[in-house]
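First comes the structure, then the notes that go with it.
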Amino acid sequence: MEKEKLIIMKGIRKKFGAVVALDGVDFDVGHGEVVGLVGDNGAGKSTLVKILTGVYQPDEGEILLDGKKVAFESPTEARNAGIEAVHQYGGVVDTLDIARNFFIGREIVRKWGPFKFLDLKKMREESLKMVKKVGIQLRSEDALAATLSGGQRQAISIGRAMYFKARLVILDEPTNHLSIKEVDTVLDFVREIKKQGTSVIFVTHNIYHVYDVADRLVVLDRAKKIAEFMKTEVTPEDVIDTIRYGTVSRKSLRKE
Ligand SMILES: Nc1ncnc2c1ncn2[C@@H]1O[C@H](COP(=O)(O)OP(=O)(O)OP(=O)(O)O)[C@@H](O)[C@H]1O
Ligand SMILES: [Mg+2]
């Protein structure tokens, strides 16, 4: 049973000083499944996904990847295991251009005799191809990341996740501050990578955005998981009410 899941997090606990950010949370993601992770400000959503991407280590609990115990000490370790995070502002370095950001830490290197050098031409071609595939228009292909919009920055990390064939992509508030068209692009991207068999965790305050693409919705409330719904069992309003009242709300069930 456990092998059928890509990721299983068990009894995850995390404190920051006196603040309990996660109080024994169980959370899992299936293969090719899109899980919406929702809940109010400070519920612990970002902390949970940062534990999964190696940004933080849990105080207690364990993580299984394909049924095997893992412990990520850094985002690089998580990335090497196929777990990619797409940050709200794209997780890109302002002073680098698109190509260098795209391949950061995984540069294409060419060998010439005893020498190794970066294959800038190939990196430029490959990265621009992927960023364009994500559907974002660029005004300049050589722009530094500092001059890009939120959607363009995100397109870099989205394209990167696709290029490196991530097994799990984590999007934390991916639609915040995006234009309507850019939101559609992000939602299309989620559908697209799901088709490729990639799993997705989609963290958001916008229940309508996540409802569109999720298979399952998990609600955190003050460091605890309080509800888990298959999307087909609930309406977006049920999910919103569950967050609002801090307890499972399902109008469809109450009618039965
Ligand atoms: N690095 C940190 N140092 C101290 N406290 C932290 C840190 N990161 C998170 N916290 C605290 O842990 C709790 C959970 O925060 P977290 O960012 O995980 O919530 P969230 O659900 O992502 O909220 P939001 O919807 O506002 O992004 C909060 O009380 C927050 O203040
Ligand atoms: Mg957060």
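Just follow the structure's listing: the first ligand is 1, and inside any ligand the first atom is 1.
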Legend entry - Heteroatom N/O/S of N41 within less than 2.8 Å of the Mg ion (ligand 2):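 It does not; every qualifying atom lies at 2.8 Å or beyond.
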Inset, instruction - Would you check whether G39 reaches within less than 4.0 Å of ligand 1, judged by its heavy atoms? - result: no
Legend entry - Donor-acceptor pair between T175 and N206 side chains, under 3.5 angstrom: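 Short answer, no.
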Inset, instruction - Classify the side-chain pair D188/T185 by whether it contains a donor and acceptor separated by less than 3.5 Å. - result: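 Checked: D188/T185 side chains show no N/O donor-acceptor pair below 3.5 Å.
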For ligand 1, which part of [X] has a heavy atom less than 4.0 Å away: the side chain, the backbone, both, or neither?
{"X": "H205", "value": "side chain"}
{"X": "N41", "value": "both"}
{"X": "D40", "value": "backbone"}

Legend entry - In one Ile/Leu/Val/Met/Phe/Trp/Tyr side-chain cluster, 4.5 Å: Y163, L118: yes
Legend entry - Subset of ligand 1 atoms that lie under 4.0 Å from at least one heavy atom of A43: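 Here the atoms of ligand 1 in question are 19 (O), 20 (P), 21 (O).
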Inset, instruction - Kindly indicate whether the side chain of V218, heavy atoms from C-beta on, has any atom under 4.5 Å from the side chain of R216. - result: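 A side-chain contact exists here, since the closest heavy-atom pair is under 4.5 Å.
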Legend entry - Partner residues of K116 under the salt bridge (charged side-chain N to carboxylate O under 4.0 Å, His left out) criterion, sequence neighbours left out: none
Legend entry - Distance from atom 16 (P) of ligand 1 to nearest protein heavy atom, with residue and atom: T47 OG1, 3.6 Å
Inset, instruction - Could you find the nearest protein heavy atom to atom 30 (C) of ligand 1 and give me its residue, atom name and distance? - result: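 Heavy-atom neighbour on the protein nearest atom 30 (C) of ligand 1: V19 CG1, 4.9 Å.
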Inset, instruction - Identify the heavy atoms of D172 and S46 that sit nearest to each other, and give their distance. - result: OD2-OG, 2.7 Å
